[in-house]
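Have a look at the structure below before the remarks.
Note that this is a predicted model, so its numbers are computed, not measured. Below, chains carry the letters A, B, ... as their sequence lines are ordered, and counting in each starts from 1.
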Amino acid sequence: MPTFSVTILETTSALQNRAPQNGTGQNGTSQNGTGQNGLGQNSSVLAVIAPVPRAVDAYVRWEIQLLNDDNSPLGLPREISATEVAALESEHRPRWIFNDAPGTYGPLLAAGVRIERCHDIMMTERLLLPRQGQYGEPAAAQAISARLHSQPAPPDPEPAPTIHSAMPGQQAMGLFEEEGPAAQVPGIRVLLEAYVDQRERIDLLAEMPVGEGISVNPGAFKLLVAADSACALIGVEMTRVGMPWRREIHEQILQARLGPRPKPGTRPAVMADLAAQINEAFGFAVNPDSPADLRAAFARLGVEIETTRAWVLRTVEHPAVEHILNYKELQRLYTANGWNWLDEWVHNGRFRAEYVPAGVVTGRWATRGGGALQIPKIIRGAVRADPGCTLVVADAAQLEPRVLVAVSGDPALEALADAEDLYTALAEFGFSNDRNKAKIAMLGTMYGQTSGAAGAWLATLRYRYPVAMDFLEDAARRGEQGRLVTTILGRTSNPPSGVWTEIVDAGAGPAASRAQESQGRRVARDRGRFTRNFVIQGAAADWAAVWLSTLRQSLRAVDGADIVFFQHDELMVHTPVDSAKEVARLTSEAADTACRLVFPGGRARTPVRPIITDCYADAK
DNA sequence: CACGAGCGCGCC
DNA sequence: AGGGCGCGCTCGTG
């Protein structure tokens, strides 16, 4: 079999290529890192794989093409069955190259084939495009091929049908039944062409920095490609496995708060009572579901409120307020996570959402359906391990400030990095040991808070941690100027829109009216807050992607352990009880590995706190 | 009537 | 007065 010594996308080789940073984060200069390494154990077989559409048995056959060291095809493409794919996987553990994980790994996994590693072309293209000034262009292999041949790129196909159509008891729907022509699935030659082109473009990043002021560290970028590709696999696996969810416990929680399930078209009893009390308190009928109505009601009493957000209502002294707040809380539970949600999203003891790794501009994951990243704390009691199993819930403590330590290299902040609780350590200096103050101040700097009581606290931070604050200010200034920013691994922000540029230019022009000027300044500052946060939130997403993909690798040794949930800086593994301690250890070990890989040479730490529990509600 | 913008709130 | 989301509601518009 061929070996492939240039192991792009090999996490361990990315480590070899990743020289220590000079501590200035995105200002770091380009490092070496052609991807060469002599490590035999990192050699890998590369196999391009494309689903072969069939009218009847979609995706039971696959076209594959093995590659030589130099990316040239080895032999002829072959058509093989899922069983043969599984055999190839267990014998050679190739890096499978495919267009996108949902489209290829989804049906493979449904056929019982689990793979270890991949190169996800669409995922990778979405990392490359903004670096080339082509943010938002189509990312599928066909589009890459078209651009190579100076032809118009076809739009990316719509995402595969939601998992609703692939529920147990139903036949999983193939793309083609749903979307018509099989031509939407790239064939093996287009995949190969796109892959080779991506390899070349990634290697060019080393020699040809794209975009003013955007550092290019190819070792880092390859690590990012590897991690995001692995996350693409994890997303498919998590969607399939689902989160253990006990309907009857969820229903008990609903019943306790809302009363029995109401008939369709009516409010739950408790909410109906509250609505009546609200009317009574006002002395006239008010629809608590309508912000406009609520505002008008308070206006009739002579109370003008800007919005009806809970924190604004709380400042109003009126007997209706308490009832409104209670109503809103219950209304939220009822509509977002009530009985209808259970009916739609929980089947056979599992909540299956559709995960979209790196679906957010900053690299965070997104989900479609079920609101999986917004599961309220009050219903987490319904998340229970199966008999004989337990949950390992691990979260990275104070990840974002720790990321700031790492990417800014601020020596004064680094001195606090060993503290178990970063905010407590921070509070000792200038915050009179008030942890909450220190926390709000720190988060405020990373979100671009500009006003409020935190103003004085920001001054304290600027005085004590000038390097870190300069790092954030620099990112904000870039944004205000319409420039791009990148994370430590090279994930690049989207550019501002054309409308943004027009508004800012108009505001800065010599003929600008006062209104144009202030509008221009406002949108520029909005952009600055985005880029300021991007370098932190994005680097945290970089770290989390490496954490997750490292853990996935080590969990292969643990029978029956599944990653069942991931939420920015927290993950959950469902595992046999006997393996729980080992799984907990692995989550910590993976975090240490991620810290070394993503923030090499720095003094930052990114500890995680694994908790073994049968019930998610007990994990805090 | 369908669609979508705006609002508000859940999570990080 | 903050960054990033998804989702369900209301309400105005085509």
Any base atoms under 4.0 Å from A/Arg332, or only sugar-phosphate, or nothing? Heavy atoms, all strands. base

Between A/Asp421 and A/Arg435, is there a salt bridge with N-O shorter than 4.0 Å? yes

What is the distance, rounded to the nearest whole Å, between atom NZ of A/Lys620 and atom P of B/dC11? 10 Å

Counting any heavy atom closer than 4.0 Å, what does A/Gly359 reach on the DNA or RNA strands: base, sugar-phosphate only, or nothing? nothing

Under 4.0 Å, heavy atoms only, any strand: does A/Gln567 hit a base, just the sugar-phosphate, or nothing? sugar-phosphate

A/Asn337 has an atom CG; how far is it from atom C1' of B/dC9, in whole Å? 11 Å

Apply salt bridge (Lys or Arg N to Asp or Glu O under 4.0 Å) to residues A/Glu570 and A/Lys620 and explain how you reach the verdict. CA-CA 11 Å; A/Glu570 171 186 352; A/Lys620 281 296 164 193; 3.8 Å; yes

By the 4.0 Å heavy-atom rule, please label A/Gly371 as base, sugar-phosphate, or nothing. sugar-phosphate

Salt-bridged, A/Asp289 to A/Arg267, with N to O below 4.0 Å? yes

Looking at A/His250 versus A/Trp339, is the centre-to-centre ring distance below 6.0 Å? no

Out of C/dG6, C/dG3, B/dG8, which has the shortest distance to the side chain of A/Ala366? C/dG6

Taken in chain and number order and not counting sequence neighbours, the residues that satisfy side chain to side chain donor-acceptor pair (under 3.5 Å) with A/Asn436 are none

For A/Arg364, report the nucleic acid contact type (base, sugar-phosphate, nothing); a contact means any heavy atom under 4.0 Å. base

Report the distance from atom NZ of A/Lys439 to atom C1' of C/dG2, rounded to the nearest whole Å. 15 Å

Whole-Å distance between B/dC12 P and A/Phe566 CZ? 13 Å

Please state whether the rings of A/Phe282 and A/His318 are parallel, tilted or perpendicular, taking 30° and 60° as the class boundaries. parallel

For the pair made of CE in A/Met469 and P in C/dG2, what is the distance, rounded to whole Å? 19 Å

Nucleotide nearest A/Asn533 (side chain, heavy atoms from C-beta), chosen from B/dG10, C/dG4, B/dG8: C/dG4

Check every strand shown and say whether A/Ile375 touches a base, only sugar-phosphate, or nothing at a heavy-atom separation below 4.0 Å. sugar-phosphate

Side chain of A/Val360 only, heavy atoms from C-beta on: which candidate in C/dC5, B/dG10, B/dC9 is closest? C/dC5

Round to a whole Å and report the spacing from CZ of A/Arg295 to P of B/dG6. 15 Å

Check this one for me: any side-chain N or O of A/Ser290 less than 4.0 Å away from OP1 or OP2 of C/dC11? yes

Can you tell which of C/dC9, C/dG4, C/dG6 lies closest to the side chain of A/Thr367? C/dG6

Under 4.0 angstrom, heavy atoms only, what part of the nucleic acid is A/Arg527 near: base, sugar-phosphate, or nothing? nothing

Using whole Å, what does the distance between atom P of nucleotide C/dG3 and atom CG of A/Asp569 come to? 19 Å

Out of B/dG10, C/dG2, C/dC9, minimum distance to the side chain of A/Pro376 belongs to B/dG10

Please give, in whole Å, the distance from B/dC9 C1' to A/Trp341 CH2? 17 Å

Counting any heavy atom closer than 4.0 Å, what does A/Ala310 reach on the DNA or RNA strands: base, sugar-phosphate only, or nothing? sugar-phosphate

Any idea which of C/dC9, B/dC11, B/dG8 is nearest the A/Arg309 side chain? B/dG8

Which of B/dG8, C/dG3, B/dC11 is nearest the side chain of A/Lys328? It is B/dG8

Any A/Thr335 side-chain nitrogen or oxygen under 4.0 Å from OP1 or OP2 of C/dC9: no

